[in-house]
A.B. asks: 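Quick one: the structure is below, and I'll ask about it shortly.
Here is the naming used below: chain letters follow the sequence lines, and residue numbers restart at 1 for every chain.
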Amino acid sequence: MAFSQQLINLFAALLLLIAFAMLSQRRILSLINLFAMQGLMLTTSTAIVAWSSHQHHLYYSAALTLIIKVIALPWLLHRLIRKLNVKWDVEPMINIPSTMLIGLALVVFSFNLALPISQLAGTITRSTLGIAMASVLLSFMMMITRRKAVPQVIGFLAMENGLFFAATSSTYGMPMVVELGIALDVLVGSFIFGIFFFQIRETFDSLDTRHMEKLKED
Amino acid sequence: MSAILPLDLVSAVVVIWLALAVLGLVAQASPRFVTNFIFPLGACASLVLLAAAFSALGGTPDIAVLPLGLPDLPFHLRLDALSAFFLLLLGAASFGISLYSAGYFRTMDKGTLGLLCFEYHLFLASMVLVMLADDAYMFMVAWETMAISSYFLVTTDHKIPEIRSAGFIYLLVAHVGAIAILMCFGVLQGGHGDYTFATMRNAHLTEFWASITFFLALFGFGAKAGMLPLHVWLPEAHPAAPSPVSAMMSGIMLKTAIYGILRVSFDLLDMQLWWWGVLTMSLGLLTALYGVLFAAVQTDMKRLLAYSSIENIGIILVGIGLTLVFHAFHKDALAALAITATLYHALNHAFMKGLLFLGTGSVLHATGERNLGKLGGLIHSMPKLALLVLVGALALAGLPPLNGFVSEWLLLQAFLLSPGLPLPYLNMLVPVAAAALVLAAALAGYVMVKFYGVIFLGQPREKRIEKAHDIGIWEQLGLGWLALGCLLLGIFPVFVIFNIDHVTRTLVGQTLGSTPAQTGWLLLTPIHPERASYSPLILFAIVVIGVLFTIFVVKKFYHGRLRRGPAWDCGFPEQTARMQDTAEGFGQPIRQIFKQFFGVIREVPSPFDKKPHYHGETRDLLWDWGYLPIARLAETLSRLAGKLQHGRIPIYLLYSFVTLLALLVFVR
């Protein structure tokens with residue numbers, strides 16, 4: 001096995017590990033840091049794929065990831081937290097050990113699912129497709145189990161990380177235009193979320209999305 | 001290019017109408033301008049349309065491609081004999097209605113008038129485009145424009161809740177129908193992905209898919225026409241709309257649906273199966289009988305006319321069904337006779353129903369009353385209106401020498417002349433259908449006696465309607481035009497059929513052959529002079545001479561004076577005008593005989609009641625048994641679906657998560 005492939009596998013494993021860490025982390029500040037680290041793993045692995053497979057456009061993707069997901073978004077989120085003054089999430093809806101167990105089942109499921117696809121894919125990174133899918137599902141899981149708005153948004157952003165990783169690992173990334181578009185969407189989306197946070201807090205005096213039940217009309 | 005083609009003229013009319021629509025919005029500050037200038041100008045455009053359509057009847061089809069529409073999806077236009085015939089109908093009827101509107105909308109307030117003028121002319125223009133369209137895309141755009149502009153016209157008085165709900169029902173049925181039409185075109189294009197009618201004509205469908213197409217077309221266009229299970233919007237929407245709009249919807253818009261059925265079944269589909277005809281005929285008969293029975297028991301004059309429209313659409317559908325049967329068995333001469341009668345009846349109905357709806361508008365304007373039970377004796381205060389409406393009522397009742405008689409007579413001839421069809425059961429069915437049609441026609445006469453008698457004859461039932469003012473000059477012109485049409489269509493049927501022959505030739509490949517060269521202008525002979533013939537002009541002359549002679553004899557040799565005295569009061573001195581036979585009383589025999597068809601609700605007060613209150617209502621059973629269960633089911637289902645909605649974001653996320661996992665498992 002080539003050295004670069006081993007490196008890619010290592011970073012993929014780290015990505016999955018961070019996804020699990022995020023699932024279990026209850027402090028919001030650490031969650032943001034974990035998100036930034038996940039972005040860094042993604043950047044590194046994309047850069048290695050670019051180097052080993054001579055796909056030059058992937059360098060741009062890596063740079064984009066670095067700027068947006070490692071620097072801009074964590075910085076934005078930190079600022080938000082300071083302004084909103086929320087450091088702790090309340091108890092998640094399912095307790096953390098059970099969440100981890102469900103997460104394990106999801107990983108097994110996604111590896112099982114990715115097996116036939118990765119045999120078809122001819123890329124150097126094909127073995128990591130299962131990991132990419134697992135991290136998508138884990139982030140999704142995180143969005144479901146959290147009650148406050150900020151961790152839900154981080155879950156959403158982490159899900160995008162997983163998707164990006166899936167794209168690089170199965171087809172050496174999407175076309176540049178699509179990637180640029182998605183990056184811009186993520187950025188704009190987080191701005192909108194930021195505005196929503198303030199609105200939600202103003203309306204309900206809390207960032208707990210459970211209060212939104214009141215909006216339902218009977 | 002040397003000469004102006006009819007298609008150019010027709011397109012010009014569309015442009016003029018659209019321009020007038022916008023002008024109406026711009027000039028809404030001055031209602032005088034709108035009524036005295038825009039509506040008469042729109043009427044002139046109708047005349048141009050009439051002339052253009054008339055000249056296009058015998059010509060070759062004109063084709064044009066408009067540079068409008070979506071990229072790679074331009075609008076195709078085509079003016080052939082069938083479109084020309086329906087455009088002729090549109091031009092002729094809308095001329096009268098627009099003239100009448102110039103007078104009728106005089107009292108409307110500013111803002112409403114501008115909007116109404118906009119929607120009115122948009123409605124007219126979209127109907128022209130429906131008939132010109134030569135691809136499904138253009139057709140649907142025009143069709144929907146027609147539906148929506150007429151919806152806004154129906155809800156002109158949107159402040160009244162009943163009118164809003166009437167508009168809703170109309171829009172609902174219109175859209176259910178539009179979906180069916182859309183699917184019909186989807187099947188018709190036969191997988192080519194090209195939605196022009198030219199491709200559809202060449203697509204060869206299997207029998208199964210052709211039948212599906214026909215059903216979808218019958219359902220979709222039937223919803224617009226008011227075919228039986230889908231007729232419920234008609235008696236709601238027609239009374240809700242202002243009278244010229246009702247006249248236009250009933251007289252013209254219902255015919256666009258007939259146009260659609262004919263276009264799909266005879267032009268776009270390359271085969272016709274006999275049992276489609278039987279189905280259409282049965283539905284048509286049911287519609288006709290149902291419509292006329294309900295018309296007989298109505299107490300609201302516009303509702304009565306709306307049900308009568310349902311009846312007439314039924315008759316037209318019977319004609320289409322009969323044509324399909326004959327055409328499928330290659331009895332083309334009879335098919336030509338049936339389709340001629342159908343088209344003739346469509347044209348007649350535009351005139352007579354337009355006339356009657358406009359007449360009710362004038363009654364409504366003068367008295368503020370729609371309830372037949374409060375009208376009466378208007379022939380004294382509104383003699384001009386009474387005369388013009390009498391023409392329409394007689395025509396709708398199917399009396400010679402007016403136009404209603406000709407088409408119904410032709411249709412019955414088609415039934416009676418039908419020789420042995422190859423199927424014995426069908427041979428037995430046809431006379432039954434003819435008998436049912438005759439029953440409907442006879443009951444239509446009964447309905448018209450009631451309509452005319454209760455409104456115009458006798459004494460006014462309320463004090464205030466005694467001072468009703470007669471109609472103005474614009475109304476007279478509009479009504480007069482339509483009444484003249486009824487008379488001329490009745491007196492010169494040979495000429496009319498000579499022109500309809502162009503359409504007949506394109507649809508069934510044969511003509512009636514009743515050209516003036518063979519039998520002369522006087523005599524209408526559908527098949528053989530030995531079998532049956534009808535000479536309306538001679539009949540008309542006899543009627544006129546007979547009436548004049550009687551008047552002369554009475555004046556000269558009898559007493560020669562007119563004396564008006566009190567009627568014999570049967571020894572009961574305290575008689576009031578309210579003791580006259582009412583609309584409800586007049587309809588009572590029908591309500592008794594056909595009890596099973598109606599849901600009758602009556603509250604009769606006891607003789608000792610201090611404040612007696614009578615309430616009678618005839619409900620549409622199809623509404624209670626057909627529509628309300630569907631509505632309740634939809635409500636229950638949506639309440640169940642509403643349970644999915646918790647308002648909790650994690651639950652929503654869980655839904656998408658589970659869906660994602662399920663799909664992933666499924667895709668494997």
A.B. asks: For F109(A), does the CZ atom have more than 12 heavy-atom neighbours from other residues, nucleotides or ligands under 6.0 Å away?
C.D. replies: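 Counting other residues, nucleotides and ligands, CZ of F109(A) exceeds 12 neighbours.
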A.B. asks: Return the CE to CG distance between M141(A) and L653(B), rounded to the nearest 0.5 Å.
C.D. replies: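 The distance works out to 12.0 Å.
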A.B. asks: Using a 4.5 Å cut-off on heavy atoms from C-beta on, say whether the side chain of L137(A) contacts that of L661(B).
C.D. replies: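 Yes; the side chains approach each other to less than 4.5 Å.
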A.B. asks: Measuring only between side-chain heavy atoms, which start at C-beta, is I144(A) closer than 4.5 Å to Y655(B)?
C.D. replies: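 I144(A) does not reach Y655(B) side chain to side chain.
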A.B. asks: Counting only heavy atoms from other residues, nucleotides and ligands, does the tally under 6.0 Å from CZ of R79(A) exceed 12?
C.D. replies: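 At most 12 heavy atoms, drawn from other residues, nucleotides or ligands, come within 6.0 Å of this atom.
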A.B. asks: Of all heavy-atom pairs between L106(A) and F657(B), which one has the smallest distance, and what is that distance?
C.D. replies: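 Nearest pair, atom of L106(A) first, then F657(B): CD1-CZ, 3.6 Å.
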A.B. asks: Counting neighbours of CZ on F75(B) that are heavy atoms of other residues, nucleotides or ligands and sit closer than 6.0 Å, is the number greater than 12?
C.D. replies: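 Result for CZ/F75(B): enclosed.
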